[in-house]
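Written out below as structure tokens is the structure these notes cover.
Values below: every heavy atom of this structure, side chains too, minus hydrogens, waters and symmetry copies. Below, read A as the first sequence line, B as the second, and so on, with proteins coming before strands; counting in each chain starts at 1.
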Amino acid sequence: MVHIMAITEKLELIQDIDINQMNNEEIKWYWVDFDRPSEEEVKLLESYFKFHALAIEDCMYFLQRPKLDYYEGYNFFVFHSLNEETLETEEVDVFVGKNYMVSFHKTYIDEIEKVRQKIIENNTIGTKNHIYILHLILDNIVDKYFPAVYKIEDKINNLGIHVKKHSIRVLVNHLFEIRNNLLKLRKTINSMRDLLYRITNSDHFKNYKEMKIYFSDIYDHLLKLSEMIESNRDVTSDIHASYLSINADRMNTIMMTFTLVTSIFVPLTFITGVYGMNFEYMPELKWHYGYFTILGVMLLVSLLLLIWFKIKGWFDA
Amino acid sequence: MVHIMAITEKLELIQDIDINQMNNEEIKWYWVDFDRPSEEEVKLLESYFKFHALAIEDCMYFLQRPKLDYYEGYNFFVFHSLNEETLETEEVDVFVGKNYMVSFHKTYIDEIEKVRQKIIENNTIGTKNHIYILHLILDNIVDKYFPAVYKIEDKINNLGIHVKKHSIRVLVNHLFEIRNNLLKLRKTINSMRDLLYRITNSDHFKNYKEMKIYFSDIYDHLLKLSEMIESNRDVTSDIHASYLSINADRMNTIMMTFTLVTSIFVPLTFITGVYGMNFEYMPELKWHYGYFTILGVMLLVSLLLLIWFKIKGWFDA
Amino acid sequence: MVHIMAITEKLELIQDIDINQMNNEEIKWYWVDFDRPSEEEVKLLESYFKFHALAIEDCMYFLQRPKLDYYEGYNFFVFHSLNEETLETEEVDVFVGKNYMVSFHKTYIDEIEKVRQKIIENNTIGTKNHIYILHLILDNIVDKYFPAVYKIEDKINNLGIHVKKHSIRVLVNHLFEIRNNLLKLRKTINSMRDLLYRITNSDHFKNYKEMKIYFSDIYDHLLKLSEMIESNRDVTSDIHASYLSINADRMNTIMMTFTLVTSIFVPLTFITGVYGMNFEYMPELKWHYGYFTILGVMLLVSLLLLIWFKIKGWFDA
Amino acid sequence: MVHIMAITEKLELIQDIDINQMNNEEIKWYWVDFDRPSEEEVKLLESYFKFHALAIEDCMYFLQRPKLDYYEGYNFFVFHSLNEETLETEEVDVFVGKNYMVSFHKTYIDEIEKVRQKIIENNTIGTKNHIYILHLILDNIVDKYFPAVYKIEDKINNLGIHVKKHSIRVLVNHLFEIRNNLLKLRKTINSMRDLLYRITNSDHFKNYKEMKIYFSDIYDHLLKLSEMIESNRDVTSDIHASYLSINADRMNTIMMTFTLVTSIFVPLTFITGVYGMNFEYMPELKWHYGYFTILGVMLLVSLLLLIWFKIKGWFDA
Amino acid sequence: MVHIMAITEKLELIQDIDINQMNNEEIKWYWVDFDRPSEEEVKLLESYFKFHALAIEDCMYFLQRPKLDYYEGYNFFVFHSLNEETLETEEVDVFVGKNYMVSFHKTYIDEIEKVRQKIIENNTIGTKNHIYILHLILDNIVDKYFPAVYKIEDKINNLGIHVKKHSIRVLVNHLFEIRNNLLKLRKTINSMRDLLYRITNSDHFKNYKEMKIYFSDIYDHLLKLSEMIESNRDVTSDIHASYLSINADRMNTIMMTFTLVTSIFVPLTFITGVYGMNFEYMPELKWHYGYFTILGVMLLVSLLLLIWFKIKGWFDA
Ligand SMILES: [Mg+2]
Ligand SMILES: [Mg+2]
Ligand SMILES: [Mg+2]
Ligand SMILES: [Mg+2]
Ligand SMILES: [Mg+2]
Ligand SMILES: [Mg+2]
Ligand SMILES: [Mg+2]
Ligand SMILES: [Mg+2]
Ligand SMILES: [Mg+2]
Ligand SMILES: [Mg+2]
Ligand SMILES: [Mg+2]
Ligand SMILES: [Mg+2]
Ligand SMILES: [Mg+2]
Ligand SMILES: [Mg+2]
Ligand SMILES: [Mg+2]
Ligand SMILES: [Mg+2]
Ligand SMILES: [Mg+2]
Ligand SMILES: [Mg+2]
Ligand SMILES: [Mg+2]
Ligand SMILES: [Mg+2]
Ligand SMILES: [Mg+2]
Ligand SMILES: [Mg+2]
Ligand SMILES: [Mg+2]
Ligand SMILES: [Mg+2]
Ligand SMILES: [Mg+2]
Ligand SMILES: [Mg+2]
Ligand SMILES: [Mg+2]
Ligand SMILES: [Mg+2]
Ligand SMILES: [Mg+2]
Ligand SMILES: [Mg+2]
Ligand SMILES: [Mg+2]
């Protein structure tokens, strides 16, 4: 559907009027929101607003990075709203002209709904302008990035704490998923950050000047988010490396013990083999204390081997 | 062959006229397409159009990156068209003068053929100019990069899903091939992206000004493509690392079990060796329950070893 | 609480006056420090100083990177003070107007307390201005980064010296913690460095001009710190790689010895097995010197194997 | 020796005149080539041409990267020619003044000899100038980089094809050598690329303006070469990683089989040990079918183990 | 001590005069060198020269990167001289005013001593100025970096040649030390390089203009050094990777041989175990050729196993 909000010259808010009523000269500025528009409604972009075919094409297909294009008489923005659950992005397209703002989104965008509610509840909107609404939408969109990043940070911290409880397979799968999500978020956040940088620094936005500090505030948030994502990526790769090293070391300790045990029994078993041979003439077999002698010899061999391993430092591995 | 399209001052489209007819003053602008030209036709570049020897050399040899050179009176572009199957690039060379465009390609380029068809079918070409045709060709060339990247993304996703069914050798070969293809595509796409950046931002293209927004639209696509390639490369290296870790872990689990089994049987086998020796005087052998005692001892040893391994935590590895 | 320091036109220092007394025209410049302010005191930021809502919001929530915003009539800085023990950062917010400085911090900041003491003890403050105090605070904050970095460097050097005493698990945990701390410090220091760069190079600070060399001095320190952190990160990853290589090599040496020992005893034990079989007709068993012959054979086999290993160079592994 | 070529005002080519004859006013421009000069000849740089001591020093010692220095009245270039066999670089120093070019090289440079031949054979030199000769030399030098890079690409492709025939030691040595050569080439090519960039973009070369497109053409080649080297380095590291993974996997398969075989025989051998003990009272030994029973038990144990391994999925490793 | 050199208006060199004599108007320019100054002498920086407190602080404490500060009336440089043996850096601080240069160093700097000797021996100093001396000092300092880098390159080459003679532990320690030294050198050289870049390109040095080509010459050397260090770091990491691969491969070959040997003897030993059992009724034991039959069977088993391994390609590993 299409939601319309307009501020009259008398600074009064009127809502949900018909789009053709708006050519009324009494209107100071207005905001038209195309919320999951019907095909009929989409046609208004061209027939009523006369927007450029390329911009309308960008609205229709989801193949955009966040961006900003300058057309004659209006600017065209593409923003990415984040679905917290899936970390998928949803597109919000905005046209900003001298005295109007048109927003367009093919999915339900909670952040825009909240802006509408806020305007209705808040009496001061008459003193603001349509750029202020642009700022509110952006602010809401960006604020929603934070819980997504915090959730990932929590997951990473949990990895750190419970690391001993996890098998490597589980840990590696978690890390892979986390890194994948960080990649997705980075794409969105860095593009949005660069877009905000352009908004706050470009010459094109002289008429937004008094609003600049508000967009700077959002840019701050995006810088912070971008920094958080970079350190989280660094931390995940450190965790991976540490975990692999420690696990390899643990395996080694086990293998070592096995090796030591086997190294002692291999010669002993050989000795038992020797005296298990069936030769007719084996003088030791006749000795009265032959058996005990050989048990003693085996004990001695074990001790000598243990001492040798000790000297070589194999018990420290 | 050489295809000629010209627009007369009366905004009519004429086609396939002789190249020498064109000096006719009635022509507003024209497009000459050298499609797999014969040696005779190639000579027209010099004899008829008087293009610079260096530009003609660039047409003849395939040793170019996408690029843009400024010559007096015309600009010279090299574009790379993509063969979707092989991911090999094919060169399209374009000269753009005040009222003409000359395209040159030594292989059949589907994208150019499509542009020709579109112009013939479409009546509005009289209202456009030769720069618009340049844009159409570029747009078609770049649109063809997408299926190539999507195909690679699909392959990567399939790796993710079926990872358990593959042997490591198959997976590594797939990853190597995918990364190789991403490298090839990156070379093409990044060069084209930088070229489009120059087109949309250079001072040389003042007369393209009204077309700028169209070239920006193509630049957008290339930015998106470039970003997709970077994340896909990141994802493949994460997959490789994850898969190696998980596989190593699986090997370790198997080796561990083997180690545990062997660690138990080595001492037991040693004991059987002891009582398999043929000494004449081995008192235990005479005991009536010697055999069962020793079986019990061996059972005890096994249990003690298992308990020890359990305490050491070796079963969790 | 709120600490006030003011310099009168007669260049005298007055302290802890009431904030409403300050509109007194005799005051040349003043510094107001909000040290863990009460909710009541926080409201002064808006009611008394009329600071912008966005700046006040930044004071209230800890979500900032070090930064600098230009508001009409004053500049707004966010600095990060370091808690040496935890390496956590604490925020110090500063407003700098024509003739005043307002600092705001929700935790006790030792560095600011020291500045206050220094001013009281030092008689020359009358000849300075509020920018000089800004510099003193920054200088103290940055000076406190050094012991944190030195402590990490010491830990790294200790790793180098005592490397043989550590198990791999301990070393890897130390390295992980060190790298984590370096990441935290890098975030703080690099942001502060970039902020100082802006202060020394921006056009906005013409009235700070005579102070520029002092801020440059702090910038120097931050450059040095940033460089130290980068090399320490490089060194830790080299230590990790070296240690893993050496440890793997040590494991290999042990495994090799085991392998050599086992490779010799396996054939020997097989031979004893052969002559331990109970076949009725085994002619060798009847030979008078059969036993000694077979002992000799086994000795020979051992020697041949040792020579073969020697030739193959296995003892050098 | 010193080769001199000069073009008279009548556009005639004169050769191998004495250097002192040249002050003749009839000469339009000239080229002096110091080809492996004697000590006597080297002194001309200072005595005759009055070149700066620093530039002469750069000619004498081989410690240069390709570079460009602006001296009063002339520019000084250092180029690197490539010895295709060894990939060692040889230095070519060039002084370019208003109406002369002086080249200097302490080894025989084939590329310069070719330029000399081309000029003699070609009649049109009278219409060109000394900058054109500079271009010819550079073009020849850069053209010689291509076969070196192609040779490395061929080696890499051969690695890909014959990978199964090589031992790891051979492969790793090849890769190390290839990467080493790529490093050497990268150093040369990137420096030359940056130098050409300066030549085509610097303000100092206004008098080269009509030649700019020729230097751009060489710059193109260097960009292409630089790009080829980067992707080849990426490919070699992918090959290394793939080969190591596949080889490790192959080793693992072998070790696995060994482990499975051993895991089955260890318990069986233990059983034979039990019944090889010499206790007087071992009831099973007296059973008539004891032997066959125990053979059956051993068969059963083997089958159970095989089934267990199968269930655990160990045969898929 | 403090060394003074001054050039009179008559272009004569006077030495070791008292510092208070220098206010003499006959002096054209002078150089004061504080060589390991006493506390008394240090005070001259403030009392005599009136240098800024921040610059003097930088002289006193060694916490500087090479840098350049602009003070009113003079520039302040910090250079790093290299101790070839330890690769530790020593600080040289230089103040350069209109007609004087003051150098300050708390350790003995050989390079400065050499400059002093050169000036005394060389008669032409009267025609130069104090900037020329600055250049001489810098040139000497930078020239001393080369032997340090060459020494490291020699060590790397030796690693390449003697690689087979080293154990991995020795090699890894060497590489770690080399990489550590390269890091240290890189820090020094890159900072000095950036400093020289500022000197040759800054607007502040207009009065150094005629000297610019001399500083460019030093900058060249630093670029070359920086490049050498980067490739040496790349080479060391390639050596490390190659050596690890080759060593792992060598271990694998040995383990393989062991595995093959063991895989053959394990089943054979099992067979001997079977016929070593003491069952009363084991028909094979009674056969006259039972023993030889079973020897034949074991031979057969060995051969079949060898053939199977051959087919599986295990001998190529
Ligand atoms: Mg869309
Ligand atoms: Mg995106
Ligand atoms: Mg949403
Ligand atoms: Mg917000
Ligand atoms: Mg907010
Ligand atoms: Mg804020
Ligand atoms: Mg071509
Ligand atoms: Mg290409
Ligand atoms: Mg095609
Ligand atoms: Mg398109
Ligand atoms: Mg399109
Ligand atoms: Mg578009
Ligand atoms: Mg705050
Ligand atoms: Mg921070
Ligand atoms: Mg604190
Ligand atoms: Mg300080
Ligand atoms: Mg200080
Ligand atoms: Mg300082
Ligand atoms: Mg030279
Ligand atoms: Mg040379
Ligand atoms: Mg040559
Ligand atoms: Mg060429
Ligand atoms: Mg050419
Ligand atoms: Mg280079
Ligand atoms: Mg070309
Ligand atoms: Mg110092
Ligand atoms: Mg340093
Ligand atoms: Mg020294
Ligand atoms: Mg030098
Ligand atoms: Mg020199
Ligand atoms: Mg030089």
Review point. If you check every heavy atom in residues 288-303 of chain D against those of chain B, which residues fall under 4.5 Å?
Key: none
Check your understanding: Which word best sums up how the rings of D/Tyr219 and D/Tyr197 line up, parallel for under 30°, tilted for 30 to 60°, or perpendicular for over 60°?
Key -> tilted
Point to revise | Shortest non-hydrogen contact from D/Ile264 toward D/Leu305 | key: CA-CD1, 4.0 Å
Practice item. Using salt bridge (charged side-chain N to carboxylate O under 4.0 Å, His left out) as the criterion, list what pairs up with D/Asp238, not counting sequence neighbours. Key: B/Arg179
Review point. In chain order, what residues pass the salt bridge (charged side-chain N to carboxylate O under 4.0 Å, His left out) check against B/Arg186, with sequence neighbours excluded?
Key: B/Glu230, D/Asp234
Review point. So which part of B/Leu268 gets closer than 4.5 Å to some heavy atom of chain D, the side chain, the backbone, both or neither?
Key: both
Exercise for review: State whether a side-chain donor-acceptor pair under 3.5 Å links B/Asp69 with B/Asn75.
Suggested key: no
Study note, to complete from the structure: Okay, B/Asn173 and chain D: the region with an atom under 4.5 Å from a heavy atom over there is side chain
Revision key, fill the gap. Residues passing the salt bridge (charged side-chain N to carboxylate O under 4.0 Å, His left out) test with D/Lys128, sequence neighbours excluded, are none
Review point. Between D/Phe309 and chain B, which part of the residue has a heavy atom less than 4.5 Å away: side chain, backbone, both or neither?
Key: neither
Check your understanding: Is the B/Phe49-B/Phe95 ring centre distance short of 6.0 angstrom?
Key -> no
Revision key, fill the gap. Under 4.5 Å to a heavy atom of chain D? For B/Tyr71 that would be side chain
Review point. Do B/Ser81 and B/His105 have side-chain atoms, one donor and one acceptor, less than 3.5 Å apart?
Key: no
Exercise for review: For each of D/Leu223, D/Val266, D/Val235, tally heavy-atom pairs with chain B at distances under 4.5 Å, and name the one with the top tally.
Suggested key: D/Leu223
